[in-house]
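Please read all numbers here as calculations on a predicted model, not as lab measurements.
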Amino acid sequence: QLKKIIADGHEVGNHSYSHKVMGLMLPSEVASEVENNDKLIRSAGYTGPILFRTPYNVKFVTLPFYLMQHQRLDISHDVMTNEGWNYSPDKITADVVKQVKPGSIILLHPMYKHTVSSRVAINGIVAALRAKGYTFVTVSQLLTYKKV
């Protein structure tokens, strides 16, 4: 799947090797989590910048220090909604569209069976945001966004 994502021209990021909470990891564990996943991404043929997003958005001293030492940003989201069996695509769409502002990063988990409503909501989210004049860019492009 990763090779296809790369072949389709998408930007690829690192979300850690094992998706464990990294907040209290030792420096060697943090390095292993980031570097092992980077190796997998590179072995699949990706040559672009590899941005990083912390699992569960939990970070304390060790991870931010590692990222700073390696001149890497921790990319996070500012828009999140409830997902799962109890949330309709329309509810998810409305919730996301209500929160978005210029420069937003939306967090969804559309890959699981219990979050199929999130997967269905994506088309509605994209259509609603385009109707409001939003465009979609890679995270690297977003990092160059200048607030007016």
Where is the tightest heavy-atom contact between [X] and [Y], given as atom of each residue plus distance?
{"X": "Pro49", "Y": "Ser140", "value": "CG-OG, 3.7 Å"}
{"X": "Asp78", "Y": "Gln99", "value": "O-OE1, 4.2 Å"}
{"X": "Leu2", "Y": "Ala44", "value": "CD2-CB, 3.5 Å"}
{"X": "Ser118", "Y": "Glu83", "value": "OG-OE2, 2.6 Å"}
{"X": "Leu142", "Y": "Ser104", "value": "CD2-O, 4.1 Å"}
{"X": "Gly48", "Y": "Tyr46", "value": "O-CE2, 3.3 Å"}

Side-chain atoms of residues 124-133: list all donor-acceptor pairs with protein atoms under 3.5 Å, sequence neighbours left out, distances to 0.1 Å.
none

Note, Thr144 side chain near Val137 side chain (heavy atom, < 4.5 Å):
no
With the side chain counted from C-beta on, respond yes when Pro55 and Lys20 share a heavy-atom pair under 4.5 Å apart, and no when they do not.
no
Rounded to the nearest 0.5 Å, what separation is found between the [atom1] atom of [X] and the [atom2] atom of [Y]?
{"X": "Ile92", "Y": "Thr81", "atom1": "CD1", "atom2": "OG1", "answer": "6.0 Å"}
{"X": "His15", "Y": "Phe52", "atom1": "NE2", "atom2": "CZ", "answer": "8.0 Å"}
{"X": "Ile106", "Y": "Met80", "atom1": "CD1", "atom2": "CE", "answer": "13.0 Å"}
{"X": "His70", "Y": "Glu35", "atom1": "NE2", "atom2": "CD", "answer": "5.5 Å"}

The side chain to side chain contact (heavy atoms under 4.5 Å, CB included) partner of Asn14 among Glu33, Arg53, Arg72 is Arg72
Audit row: Lys91, Asn82, side-chain contact (heavy atoms from CB on, under 4.5 Å) steps and yes/no
CA-CA 9 Å; Lys91 166 80 172 100; Asn82 291 315; 5.7 Å; no
Joint cluster assignment, [X] & [Y], ILVMFWY side-chain distance < 4.5 Å:
{"X": "Leu67", "Y": "Met25", "value": "yes"}
{"X": "Val79", "Y": "Ile105", "value": "no"}
{"X": "Val139", "Y": "Val12", "value": "no"}
{"X": "Ile122", "Y": "Phe136", "value": "yes"}
{"X": "Val58", "Y": "Leu24", "value": "yes"}

Would you confirm whether [X], through its side chain, and [Y], through its main-chain N or O, come within 3.5 Å as a donor-acceptor pair?
{"X": "Tyr87", "Y": "Asp90", "value": "no"}
{"X": "Asn57", "Y": "Ser76", "value": "no"}
{"X": "Ser32", "Y": "Ser28", "value": "no"}

Is it true that atom OH of Tyr134 has more than 12 heavy atoms of other residues, nucleotides or ligands lying nearer than 6.0 Å?
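Enclosed: over 12 neighbouring heavy atoms sit under 6.0 Å from OH of Tyr134.
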Given the rule in the side-chain contact (heavy atoms from CB on, under 4.5 Å) test, do Ile75 and Leu143 qualify, once you have shown the distances and angles that lead to the verdict?
CA-CA 9 Å; Ile75 305 301; Leu143 292 174; 4.0 Å; yes
For residues 104-129, pull every pair meeting ring-ring contact (aromatic ring centres under 6.0 Å, His included), keeping only residues two or more places apart or in separate chains.
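For residues 104-129: Tyr112-His114.
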Does a side chain donor of either Ser16 or Asn37 reach within less than 3.5 Å of an acceptor in the other side chain?
no
For His19 and Tyr56, run side-chain contact (heavy atoms from CB on, under 4.5 Å): C-alpha distance rounded to whole Å, both residues' side-chain angles, the deciding distance at 0.1 Å, then the answer.
CA-CA 8 Å; His19 202 264; Tyr56 310 102; 3.1 Å; yes
Verify side-chain contact (heavy atoms from CB on, under 4.5 Å) between Glu29 and Thr62, making sure each step is shown before the conclusion.
CA-CA 10 Å; Glu29 293 172 308; Thr62 309; over 6 Å; no
